[in-house]
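No experiment lies behind these values; they were computed from the predicted model shown. Throughout, protein chains are lettered first and strands after them, A, B, ... in sequence-line order, and every chain is numbered starting at 1.
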Number of protein chains: 2
Amino acid sequence: MRIQRQILKESNLRSTTSRSKILGLFLSNSHALSYSDIEKQVASLFDRVTVYRTLKSFLEKGIIHKIPDNSGGLKYALCSDHCPHTVHQHDHVHFKCTRCGQTSCLEEVEIPPFDLPGGYKPDEVSLLVQGTCSKCR
Amino acid sequence: MRIQRQILKESNLRSTTSRSKILGLFLSNSHALSYSDIEKQVASLFDRVTVYRTLKSFLEKGIIHKIPDNSGGLKYALCSDHCPHTVHQHDHVHFKCTRCGQTSCLEEVEIPPFDLPGGYKPDEVSLLVQGTCSKCR
DNA sequence: GTAACTGCAAAATATTTGCATCCTT
DNA sequence: AAGGATGCAAATATTTTGCAGTTAC
């Protein structure tokens, strides 16, 4: 509870029940959460709309970031220690396990440099790896 | 028209007006198309449902592949020459221009090798780069 | 006290399913 | 001729918006 409060305060967001609870879900899960993962756990507590708006405010403040999912859905995960809120860079690797379905950020893996054809100017890079995670092998 | 017919035949799909037309859209666009990009162009010709079902059959046959988009939407693009239909590998780079919004496959760029933590077994890798494309500079 | 946040209703958007009819092979 | 493909209607799912009431600071 204390941690959530602090994170919210640092982001200039008021501490409300829904924000603390949803932030808590992210803090206690090492893997990324989809909207429906979250909804399932808080459906009885808050309105759908509140969940959407909570996620949106977390995104705007750089508390969480989106992870593209090539099955169409979008997932969300905590940003690591200090995402610069202005230049929101997430050049890290995401791993999606096709067995358990969990997606997680591999913070320790760096994307090696690569060349783009002339004229292309990259701003942000994200690498999505699919396969089998260490738990599922 | 002849090309579409041939591609469809090779994939064991019947040649119908909607499939030829939609396949034609992919053939004449170098960038990836979202569902709504397609819908806009064929709305007066076919039903929504037909478009969805057409895309689904193209995906199943490996004619097109999905491209995750970290703004939530999904796009579709032609698979390069010969995607093995069984092992559907798309280890190539996608570039999304934040200015014009177009996403394209950079077939010529290869993803450099990188290390994963122990236990993780990769099957498929996709690299999404965002920035400014050569046309928009 | 006030601006920010929430819940509810409802709209807007997106996707899927069933079924009768039509068309490709 | 027969099975696959399409169109229509409608169900289902997803996300957003407006507004009135509530709450954090």
[X] vs [N]: side-chain N/O to OP1/OP2 distance below 4.0 Å:
X	N	value
A:T16	C:dC5	no
B:R19	D:dA5	yes
B:Y52	C:dT15	yes
A:R14	D:dT22	no
B:T50	D:dG7	yes

Using whole Å, report how far [atom1] of [X] lies from [atom2] of [N].
X	N	atom1	atom2	answer
A:K21	C:dG7	NZ	C1'	19 Å
B:I38	C:dT15	CD1	C1'	14 Å
B:D37	C:dT13	CG	P	16 Å
B:R48	D:dA9	CZ	P	11 Å
A:D47	C:dA10	CG	P	14 Å
A:L74	C:dA14	CG	P	15 Å
A:L59	D:dT15	CG	C1'	14 Å
B:L45	D:dT6	CG	C1'	13 Å

> Does A:H65 reach the side chain of A:Y76, with side-chain heavy atoms less than 4.5 Å apart?
Replying inline: no

> What nucleotide, of C:dG7, D:dT15, D:dA9, holds the atom closest to the side chain of A:F46?
Replying inline: C:dG7

>> Both B:S36 and B:L13 contact DNA chain C. Taking the nearest nucleotide for each, which residue is further toward the 5' end?
In response: B:S36

Under 4.0 Å, heavy atoms only, any strand: does [X] hit a base, just the sugar-phosphate, or nothing?
X	result
A:L8	nothing
A:L55	nothing
A:S57	nothing

> Do B:R53 side-chain and D:dG4 base share a donor-acceptor contact under 3.5 Å?
Replying inline: no

Closest heavy-atom contact between [X] and [Y]?
X	Y	value
B:F95	B:Q130	CZ-C, 4.4 Å
B:C97	B:C100	SG-N, 3.4 Å
B:C79	B:G62	SG-O, 3.3 Å

> Within the distance-only criterion (no hydrogens, no angle test), does the side chain of B:S34 pair as donor or acceptor with the backbone N or O of B:D37 below 3.5 angstrom?
Replying inline: yes

